[in-house]
Structures are given as structure tokens and as C-alpha cells.
Amino acid sequence: MDNNKSLLLNIYAFLWSKSVMLQLKSKRNFFLYRSAFELWGQGRTHNELQSSLRKYPLEKMAPFTQRESTYKINVYTFNKTLVFQERIKKIDTLEFLPFQGKVSLKNPDHIFFLLEDYGSDPNNIPDEPLHVYFGRWIADGQRELIRSHSVKKRHFIGNTSMEAGLSFIMANHARVKAHDLVCDPFVGSGSLLVACSHFGAYVCGTDIDYNIVHGIGKASRKNQKWRGPDENIRANLRQYGTEHLYIDVLVSDSSKAIWREGPLFDAVVTDPPYGIRESTRRTGSQKEIGKPPEDLSGESHVPVSMVYQLSDIFTDLLRFAAHYLVMGGRLVYWLPVYRPEYRDEIVPQHPCLRLVSNCEQTLSSHTSRRLITMEKVKEVEDSDELALLLDSRFRPYRGHNAFREKYFSGVSKRRGKAEQSSSSDGGTDPQSE
């Protein structure tokens, strides 16, 4: 009877662990997590941890502490490195736990972790942990995606290719899933299409740069002058086995409507140019403003481009999302800001889009960019177009247009301080060498 009970407990533990692992693996955002644990105890000190563990119900421990099962305990520290002997001492303090099975370091049935948190400041690491945890390992996250999809290993890259981690975060914010149709109106080298296709979405996009869309011209890699014959966005998806989800990318100006009217996309995920490493351009010229379009049929015509102000980029982007997203679809994009002037009111708004989240990524002491996620809550009506003109909440913030100048003014100041410091330390003037 005891053997049958033990067998049932082990079967239960195995099935429960597998079901939890499958549920976690199915989550789109699980790559953000390093691991998942079943928490058995915690405390600010090891004494508090031990008291907490003694209160944990034995019946919940029983499936994982049977005589027939093997186990091991790992020690993991955040912001501090412990030598092997220190790790062993910490494991020895857990001898009171009711493990009956044998230790197996190579292939244990159950793995447990002692986690110690030493804060987040690498310049001020405390002698003792701020918090300690103990629990049973359930599953590791999908952190390998960041390594396997690293831009360094990417077949085709550009000057502003989005790194893999941020691309997957954006896809998560957009709730991208299998069979969705996702568009990037500033597609560049297609990093966001790669991330969205990983989750099973069909992907497409546009870009005004003919060379980047067709994968021709100067290469962005060091020690490579020109792009190769198969360096293009399609090749990137082929590299990761998702070419079958590639619809197409078009050479197009995002400020001009080219799509059939009506809801088309489940998500719009994009990183508009800020004017730092890539210029902000759109087709047209100042001379043409106010003039009726001419008939260019039968003529060879190369479009003239003009400056595309950041405030206009975001106004057009939100209008594009409002018109072409399905109901409940999401727009996810990066908004560059000058930190001393930032306030929530400068985040672009639209009557048909609801702000879901606003997350900051610091770029420097005075600049950052904010990951904006919006959701379509209503279809566009004539009154919405009127509101964009009359309602102050929806008017574009013209301060965005000066981001490039403010960004480079900060860079110049830092360089000046560095040169001044170097000069005062007896450094050599670079121009005199």
C-alpha cells in the first residue's frame, strides 16, 4: 500500500510539473523570465527563510522528497558571485528539509534552488543578501531566443536593426500570435518581422529606402563594403525557418495611403526613425506644397524627398493604426523624448486608440525612448477627424521635432567635458598630434 501511494505521489508530481511547464512555455512573454519556481519559503535572512520553510505544508513537499526520487540543490545569487565552498555551506544549512532520496548532480528527478538577492547596484554590494528564497524548479524561460536571434548572427542587418530582446518584447506587447497579420510601416532590415514571425504571425511592411528593402548598396557590417546577393529581409526569415510567413515588403512612403480601406492588421509594430542614425524623410518638396498634382503618366519620375518631422510621423502613424487595425488590435512603437521636458501629455493620442502601457528605456542622462502600446477601441468616424483638428489632447507635440538637436547637444557637452578633463589631467590635444 505504501509503495502504491509513493508511486501515485510521484506520478502526480511528474504530471503536475509537466502541465505547468507546458502552460508556461505557451506564454508569448515567457522568454522574459529566466526561470519559474514553486516557492517553498522566503525571508530577509537565512533564519527567516528556515522559519518559513518549516511552516511549508509537508503534504506539499511529499511528492518531491520520496525515497525513490533523486534531487539536487543549486545556489543562485543576483549581483554577487560566491565561491564553491560558500555555496556548499549554504546548502548544508538546509539539512533539516525532509529529503529521503539520494543526491544526483547529473540527472536528478527534482531540482531545487536557493536564491539570494544582493540588490541591483554593482558598486554597493552588501555582505548579506537583502532577501533569500527557496523553491522547486519548474521550467526555464526562453532566454535562448535572445542568443539564437542575436543581430550579430543575423544574415541581413542595417544601421538601426532592433536587437532581439527588444524585438520580442515589442511582439509581446502587441500580443502577436499564430495566424495574425502584422505590419511594420518603417520596416528597415526587418528585425520586428523576424520576432513577430517567430510567434506564427504573417508579416509585411513598407519602407521609403529602396536600397534597404531590396538589400542592395553599402553594407552595415564592419569589414564589408557592399551587401551580398542574398542579403535581404526574406533571407532573415529563411534563416529562422519562418519564410513561409513572409508576405512581402514594399518601397513606400508611410505618410501616403497605399492600403485598401478597412481593418487589415492584427498589430502594427514599428520603430520610426528619429533622425539620429537614419534620416526622417518622406516624398514631396516644399515647392509642391499647395500645388495640384501633375500628370506624370508616361514620364520617368524619381520622387523628391523632404524632411519628415517627428511630430508628423507620430500623427500619421496613429492615424494609420486607427484606420487599418482590426478592433482590439494593437499599435506598438518607440517614442524618443528629451527627459527634462517629458510629461505624459506629450505622448501622441488618437480618439480611436487607448493607451495601454508606457515604458521607458534610458538612452543617456538627458534622453530616452518610451515603448508605447495602444489598442484600437473604436472605428474611425468623421467626428474623429474633426477632433484631431480641434481637440488640444490630439494635437501633435511640436517639441518632438527638436529631439535630434537636443540629442546631439548632449553628446557635444559630454565630449567637451571629457576633453576638458583630459586636458586638466595633462592629456595631449588630439589636434596637436
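Treat the numbers as computed from the prediction; the structure is a model and nothing was measured.
Between Y324 and F320, the ring planes are tilted. Angles from 30° to 60° get that label. Note on ring orientation: taking the six-membered ring where Trp is involved, the planes of F168 and H198 are perpendicular (angle over 60°, cut-offs 30° and 60°). Ring geometry for Y397 against H400 counts as perpendicular: the plane angle is over 60°, on a 0 to 90° scale with 30° as the lower cut.
Looking at D180 and R330, no side-chain N of the basic residue comes within less than 4.0 Å of a carboxylate O on the acidic one, giving no salt bridge. D248 has no carboxylate O lying under 4.0 Å from a charged side-chain N of R234, or vice versa, which leaves the two without a salt bridge. We find that K406 and E341 are joined by a salt bridge, their nearest charged nitrogen and carboxylate oxygen being less than 4.0 Å apart.
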For this session: Dump the intermediate steps for side chain to side chain donor-acceptor pair (under 3.5 Å) on T373 and S357, then the final yes or no.
Result: CA-CA 5 Å; T373 303; S357 65; 3.2 Å; yes
Exercise. Which is it for E345 and R393 under the salt bridge (Lys or Arg N to Asp or Glu O under 4.0 Å) test, yes or no, and what are the steps along the way?
Worked result: CA-CA 8 Å; E345 291 75 19; R393 293 176 301 165; over 6 Å; no
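The side-chain tip of R369 does not point at the ring of Y274 from less than 6.0 angstrom away and within 45° of straight on. Remark: R370 fails to qualify as a cation-pi partner of Y333 under the 6.0 Å distance and 45° angle criteria applied to the six-membered ring.
The closest side-chain heavy-atom distance from Y308 to I208 is not below 4.5 Å. Within the 4.5 Å cutoff, the side chain of V249 has no heavy atoms near those of the T206 side chain.
You'll find the ring centres of F64 and H110 inside the 6.0 Å limit.
Scanning both residues, Y133 and L49, for their nearest heavy atoms gives C-CD1, 4.2 Å. In terms of heavy atoms, D140 sits closest to S35 at OD1-OG, 2.7 Å.
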